[in-house]
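Presented below is the structure to which this report refers.
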There are 2 protein chains.
Amino acid sequence: MHNVVVPEPRRRPARRPTINDVAAAAGVSRGTVSRVLNGGRDVSDAAQEAVEKAMRKTGYVVNQHARSLVTQRSQSVAFILSEPQDRLFEDPNFNVLLHGCTQALAKHDITLLLTLASSLEDRKRLGRYLTGGHVDGALLVSTHSGNPLIPELLSRGLPVVACGKPLGYERQAAYVAADDRDGARQMVEYLRSTGRRRIATITGPLDTPGGIERLAGYREALGDSDPALIAHGDYTRAGGEAAMRRLLSQTPDLDAVFVASDLMAAGAITVLQLAGKRIPEDVAVGGFDDSQVALTTQPPLTTVRQSYPRISAEMVRLLLSLIDGESPAAVIVPTELVVRESA
Amino acid sequence: MHNVVVPEPRRRPARRPTINDVAAAAGVSRGTVSRVLNGGRDVSDAAQEAVEKAMRKTGYVVNQHARSLVTQRSQSVAFILSEPQDRLFEDPNFNVLLHGCTQALAKHDITLLLTLASSLEDRKRLGRYLTGGHVDGALLVSTHSGNPLIPELLSRGLPVVACGKPLGYERQAAYVAADDRDGARQMVEYLRSTGRRRIATITGPLDTPGGIERLAGYREALGDSDPALIAHGDYTRAGGEAAMRRLLSQTPDLDAVFVASDLMAAGAITVLQLAGKRIPEDVAVGGFDDSQVALTTQPPLTTVRQSYPRISAEMVRLLLSLIDGESPAAVIVPTELVVRESA
DNA sequence: CCGCTTACCGTGAACGTTCCCAGAATCAGT
DNA sequence: ACTGATTCTGGGAACGTTCACGGTAAGCGG
């Protein structure tokens, strides 16, 4: 290293005070101290006061491991990020979700632990960590299907709530998801209500819940439609552009397109404008997510919003109920059409 | 809620298998199983195999609380974000730091827990959590001074390593910081070596280590300079713009400016160009951080880079040594001049 | 064949809590 | 004064590990 300064040495305290030390200092028994610690029921004012004073004096802090060992509760839950997380952190919606969960859990005096697991090795260690009793439950944001952590945690009986439908485990894992299908339906019906007749769609990857459900909603609103009106994307801007180009060449007379994500929609808009189409006059464009980009497109994007505060609240509620021994459930939170200028 | 589907009920396993169950299943004693669990020294091949088989059969996972209770180790450390964290998550450098720490800790089979504490209430709960023995140590990214968690953790004897000089606790807390002063010095000396003679600076807030140290490096390189060459910013783009305007009016003949962050430098460049100055011909501009924006300015920004992978590695090394009982140290990692077109 | 070393194994104690139960003390009602 | 209820307290047991210690058996040199 370049330079090392060694400040004055710090000695670690010899031994942490235990509940017995407090009891001795307060002149009461272990049991009484424990009662004070846990709500103070059945303890006289005098004892209560003596114990509190003794705790201050000794600088006592409860040993969570000892407590957890007997209560079988750790008062903490994990928030698992098992994707290569770089993209997620940049997503402001993700921040809202995370923050919402932290707050909701805080109300129950539960700490949220964010754990990362990108590599396989990480995931293994994390599996051990989680099933070792360190946490009471886990919140999982699983964008892709086939996350190997899900079956592992499930088989250990660890309460797990997924954000977004956990493909392949819909029946076993609890989850909360936005009503993708209904959102898509709303959007397409809105497009129709404004007189559009050739409504195309760019879907997400069909191995993601959003890909599947949003397409289903599109179909639901339209009945069976011309297959030439459907193109598949991959949630990236470039993917949206490519899909839009395919649609334009397949179906030049389309007058609206419902795109399964805002980012792809931004790509689609670029391509449309390059092709000389005016938005929304010639082609109406609808997105999904109501993310940042929806406001930066030209014109601003009509899109579908999902309420992240709501989602986080429901996730926590569900997790706590699982921890309490209830059986898993799926919660679908409503989505809402946000009309701007693009449609 | 909008819709609830209840999949088939999942029953929680009656009881987790303990080390005794494994011992019974393997026909050996508790002690032997424990030995297998901890490296397998002094255990015969036959016993080893029997135990491993029994563990698979019973689905045994060690109870971390029980283990931690006796070993006084939790094999996990906290990564504490106590600022309103929204800004941090968006910083790609932060991701590098986080990832680096995770990896470095993984080598020692230690799990990293990311904990958020924005509100005061959060911070309290977090304090309890951390000092309750849940973690063996903490990594702290403290951009501002006066973080109340530092003294608390310190007084509890919890090993803490800060990223960036923890103002007010430099002597007591271990930390690793980039060599801000030297980086600034390098930059200013480089500017002088290209013939610049009226070198101004825009500083960061003077209650942050970066603000103080980078200014010190500037002074070090220049000897005492004209106070009219110094303006203070707040690390935001707007702050950089304002400071640049002040400098231009105070000192219209400046021919270079060292800006204490890339973002402020981007603001400064805008103002300079609006004032009709060519960069670098009329005014050379140097930044600090080598962040994303350094590449997007016009022209690309000459700046100072700090090695985040290096910083994370040193932080972990330092923390582990603290946990092993060593006394705290400060590590300063070198900074490096990155020359691009703006100077 | 004896004793010493080595490899392996079992057991009791400890870690610091909570929980439960039994008992003491107080009090009110008869 | 006796009973019964109520409030408070103390202490044993348990949670699931690790660790130090002691013991047994086998191997080996003399």
Side-chain angles (χ1 to χ4, degrees), chain A residues 13-52 54-55 58-76 109 128-129 131-134 136 156, chain B residues 13-52 54-55 58-76 109 128-129 131-134 136 156:
Chain A
R15 199 177 61 87
R16 284 177 52 162
T18 76
I19 200 172
N20 282 313
D21 299 330
V22 177
V28 298
S29 77
R30 213 170 68 248
T32 302
V33 178
S34 176
R35 272 184 288 268
V36 171
L37 244 30
N38 299 283
R41 273 170 34 104
D42 276 354
V43 21
S44 65
D45 291 356
Q48 172 95 25
E49 207 162 318
V51 168
E52 280 168 359
M55 292 204 293
T58 54
Y60 173 77
V61 186
V62 62
N63 181 319
Q64 296 287 1
H65 295 301
R67 171 179 277 178
S68 296
L69 182 58
V70 33
T71 59
Q72 310 280 29
R73 286 286 168 85
S74 69
Q75 296 294 87
S76 60
D109 206 34
R128 282 204 305 277
Y129 184 85
T131 55
H134 258 127
D136 297 336
R156 296 287 179 192
Chain B
R15 198 177 62 87
R16 284 178 52 162
T18 77
I19 201 173
N20 282 313
D21 299 330
V22 176
V28 298
S29 80
R30 213 168 72 247
T32 303
V33 177
S34 176
R35 273 185 286 268
V36 170
L37 245 31
N38 299 286
R41 273 169 33 104
D42 277 355
V43 23
S44 67
D45 291 356
Q48 173 95 25
E49 206 163 318
V51 169
E52 279 168 1
M55 290 203 296
T58 54
Y60 173 76
V61 186
V62 61
N63 181 320
Q64 298 286 2
H65 295 300
R67 171 179 277 179
S68 298
L69 182 57
V70 35
T71 60
Q72 309 281 27
R73 286 285 166 85
S74 70
Q75 296 293 87
S76 59
D109 207 34
R128 281 203 306 275
Y129 184 84
T131 55
H134 259 128
D136 296 335
R156 295 287 179 192

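Because only heavy atoms are used, hydrogens play no part in the values below, and waters and symmetry mates are left out as well, while side chains stay in. Here is the naming used below: chain letters follow the sequence lines, and residue numbers restart at 1 for every chain.
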Point to revise | Contact letters for nucleotides 9-17 of chain C, in which S counts primed atoms plus P, OP1 and OP2 and B counts the base, heavy atoms under 4.0 Å | key: BBBBB-BBB
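Contact detail for B:D136 and B:Q72: the closest heavy-atom pair is OD1-O, 4.4 Å. Of all non-hydrogen atoms in B:T18 and B:Y60, the two that sit nearest each other are C-CE1, 3.5 Å. Contact record, B:H65 with A:H65: ND1-ND1, 3.5 Å, taken as the closest heavy-atom pair.
With hydrogens and angles disregarded, no donor-acceptor distance shorter than 3.5 Å links the side chain of A:S74 to the backbone of A:S68. Without hydrogens or angle criteria, A:R156 side chain to B:G59 main chain gives a donor-acceptor distance under 3.5 Å.
In the helix from C:dC1-D:dG30 to C:dT30-D:dA1, the end axes, each obtained as the rotation axis mapping the C1' atoms of four pairs onto the next four within a five-pair block, lie 50° apart to the nearest 10 degrees.
Ring planes of B:H134 and B:Y129: parallel class, angle under 30° (limits at 30 and 60°).
Residues B:V33 and B:R30 fail the side-chain proximity criterion, which asks for heavy atoms closer than 4.5 Å.
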